[in-house]
Q: 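Quick one: the structure is below, and I'll ask about it shortly.
Counting begins at 1 with the first residue of the sequence. No hydrogens, no waters, no symmetry mates; every other heavy atom, side chains included, goes into these values.
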Amino acid sequence: MKVLLVLPVLVPLTTAALSLLSFRRAGRQRALGLVGSVLQLAVGIALLRAVHRGGIQSTQLGGWPAPYGITFVVDLFSALMVLLSGVIAVVTSIYSLADIDRERRAHGFYLLMHVLLMGTNGVFVTGDLFNLYVWFEVTLIASFVLLVLGNERPQMQGAIKYVAMNLISSALFLTGLGILYGSVHALNMADLSLKLPGLAPPIRFTLAMIFLVAFGIKAAVFPFFFWLPDSYHTPPVTVTALFAGLLTKVGVYALVRIFTLVFVGDAGATHALLLGIAAFTMAVGVLGAVSHREVRRILAFHSVSQVGYMVMGLGLFTLSSLSGAIFFVLHHAIIKSNLFFISGIMQSGGKDVRLDLQGGLLARSPGLSACFLVTALSLAGVPPLSGFWAKLILVRSGLEVGSRAAAAVVATSLAVGLVTLISMTKIWNEAFWKPAPAPVDADLAPRESGTRRRALRYAPVVFLTALGFTVGMAPEPLLDVVRRAAAQLADPTEYVRTVLGDGRP
């Protein structure tokens, strides 16, 4: 067994177990949370390096040969997602040291955080659909408890919608698994890629639609998106930033994986539908953003809108568009987590305050203003920041496809980018540029509760801003890896050969 492939799950599992043993010792839990996150980042770097140099890696747990037993398989896309998980884990752990209150720490915030990370990493490295379902459930349980941690009324309302929609998703997923196994007697994704083309087209298309709805709910695509903006603004900013960086990406990852490896026989129908879903997701999300006046609600609706760009890359289904989708996932996780961290510094007490009650942040906090401006412009796709390159790749891919559907989704993406810029300008004008209301409400001012706490809040923001800016100024190294990852998705031959070997069933 290749131990490195198991470490993305083993490291957060061990951290969570040690946090449980230190349940009454808040200081030790905080230290464990940070150390475990750093170790996970190190594992992500090592895994990406190994796959980049040695190709796709696979291992079988329990000694059963593929396609039987539990398969862990990591290609470049998986490795990039594990690395992204490590980055988000580290910055979230640092920010949480100043943001998570004593009560939430006492009720196991760091334990739950690493259970969530274990679940997301399990999704990224698993090679069969049943264990993908298991890791989804681990993620759901941990995220639900994180949402309600603190037991405040708005949290409970948001969590009810969140868990209800995700339970529907889980039920559909399990139903699809039953039909799939009954039809082809396989759940290993590499094995399914060989067996599913022999299935009757109506059954195959029905299964594709079941999994599209199941994963679409988790990714918050149209028309299943409404749980996200109703949930993301209710917990502490640390939790929201963690969710924005990882949770919707798990759903997108599952969509990309299954519609490039398993359900590719009916690409003309399924991927055309994905293009339509992408266009509506982009449009509805950005319209929801411009209609609201609270920062975190605006950012939550933008999360919905930006998922549409990721699905657009999958729907176009070319090598270039898949590169754009992967690049967009990485860019969005960094940018959106950073924007939520900034929103937490802008406000106090976890309140999502209306923009008309804010102002004067440019004068009071120029460093924070600069970080917000760079990050917001990147979200809108202003050149030469990272969001520009992500959108440019997708737009060029759509124009190269040349169909009416592709042209329509490209036009939608350009219009949505413009409205996103208008929405971000609204936040800038109201919260940063205009003079502060007189007198300034202490709850609306940036938190000034001590040098150490300010440093812990600002450090992740400065780091993510610098990271996003660097990717925008010098995108080629990341683009090179992303193109190779897209090539592995577009031609899954190496993936199948690595998992099943020469003795394919």
Side-chain angles (χ1 to χ4, degrees), residues 8 12 33-34 36-38 40-41 43-44 77-96 99-100 109-110 112-124 135 139-140 142-143 146-147 162 218-220 228-229 231-233 235-254 256 285 296 299-307 309-310 325-345 371 375-376 378-379 386-387 390 457 459-468 471 478:
L34 182 57
S37 298
V38 172
Q40 180 169 321
L41 177 59
V43 168
F77 186 30
S78 302
L80 284 168
M81 295 304 292
V82 172
L83 176 60
L84 177 67
S85 177
V87 172
I88 299 300
V90 171
V91 294
T92 301
S93 296
I94 294 172
Y95 194 93
S96 71
D99 184 64
I100 297 298
F109 167 79
Y110 292 101
L112 293 164
M113 172 184 163
H114 282 276
V115 172
L116 175 66
L117 293 169
M118 177 181 67
T120 57
N121 287 345
V123 169
F124 299 148
W135 293 122
T139 303
L140 172 61
S143 58
L146 282 170
L147 270 178
Y162 172 79
K218 294 185 181 296
L228 190 151
S231 303
Y232 273 31
H233 72 288
V237 166
T238 302
V239 176
T240 306
L242 177 65
F243 285 9
L246 289 180
L247 271 194
T248 51
K249 310 306 178 295
V250 168
V252 171
Y253 173 87
V256 172
R296 288 173 67 185
L299 295 178
F301 271 103
H302 277 306
S303 290
V304 174
S305 178
Q306 303 292 301
V307 166
Y309 286 92
M310 305 171 202
I326 298 171
F327 193 93
F328 205 102
V329 168
L330 302 175
H331 141 79
H332 183 262
I334 295 168
I335 296 303
K336 187 48 65 74
S337 293
N338 197 27
L339 283 171
F340 276 114
F341 285 141
I342 292 171
S343 74
I345 300 174
C371 289
T375 310
S378 182
L379 183 75
S386 59
R457 290 191 178 98
V461 169
V462 172
F463 171 76
L464 290 177
T465 303
L467 180 60
V471 170
L478 180 58

Q: Would you call Asn338 and Ile334 a side-chain contact if the rule is heavy atoms closer than 4.5 Å?
A: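 Side chain of Asn338 against side chain of Ile334, heavy atoms only: no contact under 4.5 Å found.
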Q: Could you check whether any side-chain N or O of Ser37 sits under 3.5 Å from a backbone N or O of Gly33, counting only pairs where one atom can act as donor and the other as acceptor?
A: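 Indeed, once roles are kept as given, a pair shorter than 3.5 Å links the two residues.
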Q: OG1 of Thr240 to CG of Leu299: how many Å apart, nearest 0.5 Å?
A: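 That separation rounds to 10.0 Å.
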Q: Under the ring-ring contact (aromatic ring centres under 6.0 Å, His included) test, which residues partner Phe328, sequence neighbours left out?
A: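 Partners of Phe328 under the ring-ring contact (aromatic ring centres under 6.0 Å, His included) test: Tyr309, His331.
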Q: Any idea how Tyr162 and Phe243 line up, ring-wise: parallel (<30°), tilted (30 to 60°), or perpendicular (>60°)?
A: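 Taking Phe243 first and then Tyr162, their aromatic rings lie parallel (interplane angle under 30°).
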Q: Quick one: list whatever passes ring-ring contact (aromatic ring centres under 6.0 Å, His included) with Tyr110, sequence neighbours left out.
A: none
Q: Taking all non-hydrogen atoms of both residues into account, name the closest pair between Ser96 and Phe109 and its distance.
A: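 Closest pair (atom of Ser96, atom of Phe109, distance): CB-CE2, 3.8 Å.
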Q: For Phe124, which residues count as a ring-ring contact (aromatic ring centres under 6.0 Å, His included) partner, sequence neighbours excluded?
A: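 Phe124: ring-ring contact (aromatic ring centres under 6.0 Å, His included) contacts with Tyr253.
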Q: Mark yes or no for whether Ser378, through its side chain, and Thr375, through its backbone, hold a donor-acceptor pair below 3.5 Å.
A: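 Here the side-chain-to-backbone pair does not exist.
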Q: Taking the side chain as every heavy atom from C-beta outward, state whether Ser85 and Lys249 have any atom pair closer than 4.5 Å.
A: no
Q: Under a 3.5 Å distance rule, please check whether Thr92 uses its side chain to pair with a backbone N or O of Ala89 as donor and acceptor.
A: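 Not a single qualifying donor-acceptor pair exists.
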Q: Return the minimal non-hydrogen interatomic distance between Leu116 and Ser143, and the atom names on each side.
A: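 Between these two residues, the closest heavy atoms are CD1-CB, 4.2 Å.
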